[in-house]
*Asks:* 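Here it is: the structure, laid out below.
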Amino acid sequence: MPDIAIIGAGPTGLIAAERLSARGHGVTVYDQMPSPGRKFLMAGRGGLNLTHSEPPDAFLRRYLPATPMMARALDGFPQHALTAWCEGLGQPVFTGSSGRVFPRAMKAAPLLRAWLRRLDDQGVRFAARHRWRGWDSAGALCFASPLGEVHATPRATLLALGGASWPRLGSDGGWVPALRDAGLRIAPLRASNCGVCVAWSEVFTARFEGTPLKRIALSVGGQAVRGEAMITRDGLEGGAVYALSGPIRAALDKAVPAVLHVDLRPDIGRAALAARTDGARQGRSLGNFLRQSANLPPVAIGLVQEALHASVAHETLSDLIKALPVAVTRTQPVARAISTAGGIETDELDEHLMLRRRPGVFAAGEMVNWDAPTGGYLLQACFSLGVLAAEGIARILETDPHGGAG
Ligand SMILES: Cc1cc2nc3c(=O)[nH]c(=O)nc-3n(C[C@H](O)[C@H](O)[C@H](O)COP(=O)(O)OP(=O)(O)OC[C@H]3O[C@@H](n4cnc5c(N)ncnc54)[C@H](O)[C@@H]3O)c2cc1C
């Protein structure tokens, strides 16, 4: 029987396995998938953004309101510790012009390969195709495996089961009922860092689906973000939209549709723009006029025309260009999101991430209720929380050799 059962072979579970096995503990990592780190590998598809180089205070603010927990986690395993760890596995990193940090190889596969070799060398055992289903009446962990039901009674358990996005990669949120039955409060799992749905006209999508909206600013609920977005068949995707996931969810909770305002020329003040766009068109078509006076690209002109066709209330053209209202009907479903907001409420965990209601059982990573934008904040949080939980487990097993109760 292992000293420690870690359930979930994502970055959270694997870094905890590394830390605990390095201290001489017997660790078994269970996962329902046939191989570890599937979402980590997917994260590397578009460039594995490991962390961000911004100063610690600004970095921590990305996790509002879960900052006390994140402050402890980042204190124990800050950004430079993660990049040093990556380099220690033979994968040098670089910082992009945006401050985002990537392995030079960009992909996750070489890093994961080297990491799994290290875990193997440290004696970590993997139990693949083991789906955790909860605890039995005697308190043992129950797994469904190809060989039937398996039970385990480790001295300590780490739950690192991830959120509910991209369920085909293994994290499907199926753990929620087992933990609710155990009396834990769990905030509903909701899509974060995801696109939004907008009912564009046929004419607009036929012409602009797949077109980027560059150098715009988006705002909702008093929060504004500069960046880019992409027109999709049924809405908007892209960094600026993802960064507003929380405020968009909050606005949709109050009213449907929620209004997202697009500033199509954030680099020019309203008065200066008005002087160029609010005079007579002198016989020019609207498209030509907007192109010449406001230097708008075709997709931005298309958005203004959409608003005019929908008879959106406005006084001047510059009003529309600076704050074009887009009616968001919903976010994309959680299965298509990059990450999940919601999860185990942070006050269910003690300062080492042990479940207050279940001594000896810890929880970390995306299954805990925190949220952050893309930019490396998600993986950094998972690694730092995994390390914090590992330290908590080591503390109870090493201070009380008979302690724990998985
Ligand atoms: C397309 C995409 C791109 C991304 N890119 C980035 C990026 O560049 N930078 C960044 O910071 N973040 C990125 N992320 C987010 C990041 O990958 C996740 O936040 C991170 O993987 C979460 O780690 P985790 O260990 O908590 O959970 P996961 O990586 O989801 O791992 C959880 C594991 O638990 C297993 N599991 C779940 N339920 C059970 C069960 N009942 N029994 C047994 N096993 C179970 C799953 O199979 C899985 O292996 C991206 C995500 C996606 C989808």
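Excluded from the calculations below are hydrogen atoms, water molecules and symmetry mates; all remaining heavy atoms, backbone and side chain alike, are included. Both counts, for ligands and for their atoms, begin at 1 and track the order of listing.
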*Asks:* List ligand 1 atoms under 4.0 Å from G376, heavy atoms only on the residue side.
*Replies:* 11 (O)

*Asks:* In the protein, what heavy atom is nearest to atom 38 (N) of ligand 1, and what distance, to one decimal place, separates them?
*Replies:* Q32 NE2, 3.2 Å

*Asks:* Knowing that exactly one of T374, V101, L48, N49 qualifies, which makes a side chain to side chain contact (heavy atoms under 4.5 Å, CB included) with L379?
*Replies:* L48

*Asks:* Apply the ring-ring contact (aromatic ring centres under 6.0 Å, His included) test between Y30 and each candidate in F126, F143, W132; give the one that qualifies.
*Replies:* F143

*Asks:* Taking only heavy atoms of G47 into account, list the atoms of ligand 1 that are under 4.0 Å away from them.
*Replies:* 8 (O)

*Asks:* In this structure, which one of R185, R358, R356 forms a salt bridge (Lys or Arg N to Asp or Glu O under 4.0 Å) with E348?
*Replies:* R185

*Asks:* If you look at every heavy atom in Q91 and P110, which pair is closest and at what distance?
*Replies:* NE2-CB, 3.5 Å

*Asks:* Can you name the atoms of ligand 1, numbered from 1 with element, that are less than 4.0 Å from a heavy atom of M33?
*Replies:* 47 (O)

*Asks:* Thinking salt bridges, do D253 and R190 make one under a 4.0 Å N-O criterion?
*Replies:* yes

*Asks:* Tell me the protein heavy atom at minimum distance from atom 1 (C) of ligand 1, and give that distance in Å.
*Replies:* M42 CG, 3.6 Å

*Asks:* Between R265 and D267, is the closest basic N to carboxylate O distance under 4.0 Å?
*Replies:* yes

*Asks:* How are the rings of W85 and F383 set relative to one another: parallel (under 30°), tilted (30 to 60°) or perpendicular (over 60°)?
*Replies:* tilted

*Asks:* Select the closest option to atom 42 (N) of ligand 1 among F383, W132, F40, judged by heavy-atom distance.
*Replies:* W132

*Asks:* Would you mind listing which atoms of ligand 1 come within a distance below 4.0 Å of any non-hydrogen atom of G365?
*Replies:* 26 (O)

*Asks:* Exactly one of L119, I6, D3 should register a side chain to side chain contact (heavy atoms under 4.5 Å, CB included) with V27. Which one does?
*Replies:* I6

*Asks:* Is it the case that the side chains of D371 and S192 hold a donor-acceptor pair, with the cut-off being a distance below 3.5 Å and no angle test?
*Replies:* yes

*Asks:* Measure the distance from atom 51 (C) of ligand 1 to every protein heavy atom, then report the residue, atom name and distance (to 0.1 Å) of the closest one.
*Replies:* I338 O, 3.3 Å

*Asks:* Does the residue S339 have a heavy-atom contact with ligand 1, meaning some pair of atoms that are separated by less than 4.0 Å?
*Replies:* no

*Asks:* Which option wins on minimum heavy-atom distance to atom 29 (O) of ligand 1: G134, G174, P167, P11?
*Replies:* P11

*Asks:* Would you indicate which of G173, A372, G170 comes nearest to atom 46 (C) of ligand 1 when only heavy atoms are counted?
*Replies:* G170

*Asks:* One thing to verify: whether D172 and R131 come together as a salt bridge, which I'm taking to mean a side-chain N less than 4.0 angstrom from a carboxylate O.
*Replies:* yes

*Asks:* Counting only nitrogen or oxygen atoms and a 3.5 angstrom limit, does S171 reach ligand 1?
*Replies:* yes

*Asks:* Just need the protein heavy atom nearest to atom 19 (O) of ligand 1, so name the residue and atom and give the distance.
*Replies:* E366 OE1, 2.5 Å

*Asks:* Has R215 got more than 12 heavy atoms of other residues, nucleotides or ligands less than 6.0 Å from its CZ?
*Replies:* no

*Asks:* Where the closest heavy atom to atom 24 (P) of ligand 1 is concerned, which of I7, T12, I15 has it?
*Replies:* T12

*Asks:* Between Y63 and Y377, what is the ring plane arrangement, given parallel below 30°, perpendicular above 60°, and tilted in between?
*Replies:* perpendicular

*Asks:* What is the closest protein heavy atom to atom 33 (C) of ligand 1, and at what distance does it sit?
*Replies:* D31 OD2, 3.5 Å

*Asks:* Look at atom 6 (C) of ligand 1 and say which protein heavy atom is nearest, naming residue and atom and giving the distance to 0.1 Å.
*Replies:* A43 CB, 3.6 Å

*Asks:* Note the single closest protein heavy atom to atom 27 (O) of ligand 1, along with its residue, its atom name and the distance in Å.
*Replies:* G162 CA, 3.3 Å

*Asks:* Between H52, R100, H130, flag the one that comes closest to atom 43 (C) of ligand 1 by a heavy atom.
*Replies:* H130

*Asks:* Would one find more than 12 heavy atoms of other residues, nucleotides or ligands at under 6.0 Å from atom CD of E149?
*Replies:* yes

*Asks:* Is there a heavy atom in A381 that sits closer than 4.0 Å to ligand 1?
*Replies:* no

*Asks:* Going through the checks in order, is the side chain to side chain contact (heavy atoms under 4.5 Å, CB included) test met by V225 and Y242?
*Replies:* CA-CA 10 Å; V225 169; Y242 300 166; over 6 Å; no

*Asks:* Of all the atoms in ligand 1, which lie at a distance below 4.0 Å from a heavy atom belonging to L378?
*Replies:* 10 (C), 11 (O), 12 (N), 15 (C), 19 (O)

*Asks:* Considering D172, N49, T340 one by one, which has a heavy atom nearer to atom 8 (O) of ligand 1 than any of the others?
*Replies:* N49

*Asks:* List ligand 1 atoms under 4.0 Å from A160, heavy atoms only on the residue side.
*Replies:* 32 (C), 33 (C), 34 (O)

*Asks:* Among all protein heavy atoms, pick the one closest to atom 16 (C) of ligand 1 and tell me residue, atom and distance.
*Replies:* L379 CD2, 4.0 Å

